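I have placed the structure first, in the form of structure tokens, so that the comments after it can refer back to it.
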Amino acid sequence: MELKNQPILVIGAGIMGAGIVQVAAQSGHTVLLFDQKVGAAEQAIENIKKTFSSLIKKEKLTEDAAQSTLSKIQTISSLAQASHVQLVIEAIIEKLDIKRSLFKELETIVSQDCILATNTSSISVTAIANGLQHPNRLVGMHFFNPVPLMKLVEVVSGLQTSSEVASSIFDLSIHWGKTPVHAKSTPGFIVNRIARPFYAEALALIQEQVSSIQVIDSCIKSVGFRMGPFELMDLIGHDTNFAVTSSVFEAFFYDRRFTPSIVQKELVDGGLLGRKSGHGFYDYSEGAVTPKLPEFHPSPLNKSKAMIIHGDNHLTEYFGSQLQKLGVSFSQEKQSSWVGLDVNGYHLRQTDGQTASSLGSHVAVFDVCLHPQEKTIIAWASAQNASTEWLQEAPSWLYHLGFIPIRIQDSPALIVARTLAMLINEACDAVTQGVCSMDATNQAMKLGVNYPAGPFEWLEKWRSTQVVQIIDQLDLNYKGERYRSSPLLEKLNLL
Ligand code: NAI
């Protein structure tokens with residue numbers, strides 16, 4: 001059904017409902033707004049007016065456009081006043097029974113061809129449709145907060161959602177200037193599911209005392225993420241983030257992969273919810289000082305060492321050009337089983353998941369770097385019995401190659417490799433299970449949570465063999481059910 005310019009009803013005038021109303025009216029729809037709480041709908045319109053005033057001041061919106069949009073929005077005090085609409089978007093409290101009974105009531109009010117959409121972020125669309133006379137017209141239209149700014153819409157189909165209904169919502173989202181992606185109704189849909197390891201791996205690292213929150217955040221940001229996992233959890237709020245993780249964990253029948261963290265639960269229990277409470281992983285109180293990253297003082301460059309570059313990829317190319325710039329001569333072993341530098345028999349290896357300790361005292365491992373460039377912060381680790389000379393020399397070479405090396409505890413797959421591998425793996429699993437396509441996954445992660453690239457774009461830089469190796473090593477180290485490589489990753493591995 002063509003929904004452009006059709007009248008719309010939005011139910012729920014909270015943070016999401018208000019945003020949806022604004023976007024719909026700005027796209028030319030007449031929008032009715034209903035909230036069961038007296039005055040809430042009117043308050044939402046007041047808030048939209050305030051937003052518009054500040055946009056007018058910044059010359060990002062004209063007075064005329066603001067007036068024209070506002071004239072299209074109307075509050076209603078009874079759902080019966082919306083019998084003529086062609087689309088209802090529900091953005092009320094996140095409770096299955098309340099959403100279900102609302103949609104049942106709506107079926108007695110609107111016409112048979114009116115599409116019913118839910119903005120639920122965690123409830124099964126199939127479950128919400130259960131009991132409706134026409135469950136095929138119920139679809140998920142999952143916006144991201146703040147709605148006017150976030151481009152992504154997950155168009156979620158339940159078991160009974162008709163493909164025409166999903167297509168209509170997909171097309172409408174494009175008309176609203178959004179980027180929609182199709183998703184199957186499964187726990188967390190696309191973004192809230194695939195993003196779980198971003199938090200989970202960081203929380204596991206901190207629980208194991210591998211490094212500090214500042215170091216972990218800095219390493220993750222240095223590969224292009226706008227925020228580190230601890231900064232982001234503090235921003236989202238630990239109560240919300242923990243609740244999403246717990247609901248995905250429960251919905252997947254307690255699959256160990258989604259196990260919530262006791263580190264985060266402690267914060268929630270203590271009311272240390274992040275920015276909104278003034279304290280989470282970081283302290284947001286006035287005058288609070290964030291500890292600086294550890295400083296490293298390199299040894300002077302020694303050009304007389306026998307250098308061999310091992311492996312053949314974007315990183316070894318970078319190593320080669322940096323060594324040339326430094327005037328250090330080297331040879332290459334392109335067919336080597338590992339990637340990195342041999343310095344007079346000592347090995348500086350890019351992590352493949354094995355710990356430095358398991359490789360020997362002459363080895364140091366460093367983190368994965370998909371786009372090597374100068375000033376990239378990179379984590380490295382060595383065996384416990386490494387010599388003092390090697391502990392100074394290994395990071396000095398990383399430094400001379402242009403990186404900012406930071407030592408962390410020896411642990412499998414360090415920080416970036418472990419996080420990216422698990423994000424890619426989760427994305428592969430979602431695709432394997434028909435939740436979404438590879439393209440949809442890339443779009444969703446870039447637009448829904450601002451990732452610098454999509455999981456399958458990382459895979460173009462990083463071979464699936466290496467990702468499988470990392471996950472296998474994590475599994476070997478942790479011996480649980482958490483680290484299992486996805487069938488799709490295994491399949492790509494064979495190509
Ligand atoms: P909110 O708490 O800001 O607003 C909910 C509004 O719904 C309130 O004004 C409340 O009075 C009203 N309401 C509750 N029950 C109602 C009923 N039976 N009939 C009419 N109005 C009712 O909530 P928020 O954050 O806007 O979330 C709304 C929905 O959007 C939830 O399903 C949530 O999971 C989903 N969502 C939230 C996101 C977020 O970042 N806050 C992101 C994406 C989806």
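All ligand and atom numbering here is 1-based and tracks the order in the structure. Computed from a prediction, not measured in an experiment: that's the story for all the values here.
A salt bridge between Asp239 and Lys276 is present, with a side-chain N of the basic residue lying under 4.0 Å from a carboxylate O of the acidic one. Using a cutoff of 4.0 Å between basic side-chain nitrogens and carboxylate oxygens, Arg482 and Asp475 are not scored as salt-bridged.
The aromatic rings of Phe225 and Trp458 sit tilted, their planes meeting at an angle between 30° and 60°.
If you check each of Leu102, Asn192, Thr120, Ile92 against atom 31 (C) of ligand 1, the one with the closest non-hydrogen atom is Ile92. The heavy atom nearest to atom 35 (C) of ligand 1, out of those in Asn119, Ile11, Ile89, is found in Asn119.
Proximity to Lys37 (heavy-atom distance under 4.0 Å) selects the following atoms of ligand 1: 11 (O). Annotation for ligand 1: atoms under 4.0 Å from non-hydrogen atoms of Gly12 are 7 (O). Residue Ile98 has at least one heavy-atom neighbour below 4.0 Å for each of these atoms of ligand 1: 18 (N). Within the listing of ligand 1, atoms 3 (O), 24 (P), 25 (O), 26 (O), 41 (N) sit less than 4.0 angstrom from a heavy atom of Ile15.
For the pair Gly158 and Thr126, the tightest heavy-atom approach, listed with the atom from each and the gap, is CA-OG1, 3.3 Å. Residues Ile48 and Ala18 come closest through the heavy atom pair CD1-O, 3.7 Å. Annotation for Asp35 and Lys37: closest pair OD1-N, 2.9 Å, computed over non-hydrogen atoms.
Below 3.5 Å of separation, one finds an N or O of Gln36 facing an N or O of ligand 1. Taking distance alone, with nitrogen or oxygen atoms compared against 3.5 Å, Phe34 stays at or beyond that limit from ligand 1.
Residues passing the ring-ring contact (aromatic ring centres under 6.0 Å, His included) test with His182 are Phe170, sequence neighbours excluded. In terms of the side chain to side chain contact (heavy atoms under 4.5 Å, CB included) criterion, residue partners of Gln43 (sequence neighbours excluded) are, by chain and number, Glu46, Asn47.
Taking atom 8 (C) of ligand 1 as the reference point, the nearest protein heavy-atom neighbour is Asp35 OD2, 3.4 Å. Nearest protein heavy-atom neighbour of atom 33 (C) of ligand 1: Glu94 OE1, 3.7 Å. When hydrogens are left out, the protein atom nearest atom 39 (C) of ligand 1 is Met16 SD, 3.7 Å; that is the closest non-hydrogen contact.
Under 4.0 Å from ligand 1, the heavy atoms of Asn145 that appear belong solely to its side chain. Contacts with ligand 1 closer than 4.0 Å are made by backbone heavy atoms (N, CA, C, O) of Phe143 only, the side chain lying farther away. Contacts with ligand 1 closer than 4.0 Å are made by no heavy atom of Thr118, backbone or side chain.
Within the 4.0 Å cut-off (strictly below), no protein heavy atom is located near atom 2 (O) of ligand 1.
At a cut-off of 3.5 Å, with distance as the only test, no side-chain donor of Lys49 or Ser53 sits close to an acceptor on the other residue.
Judged by distance alone, with hydrogens and angles left aside, the side-chain atoms of His314 form a donor-acceptor pair with the main-chain N or O of Cys369 at under 3.5 Å.
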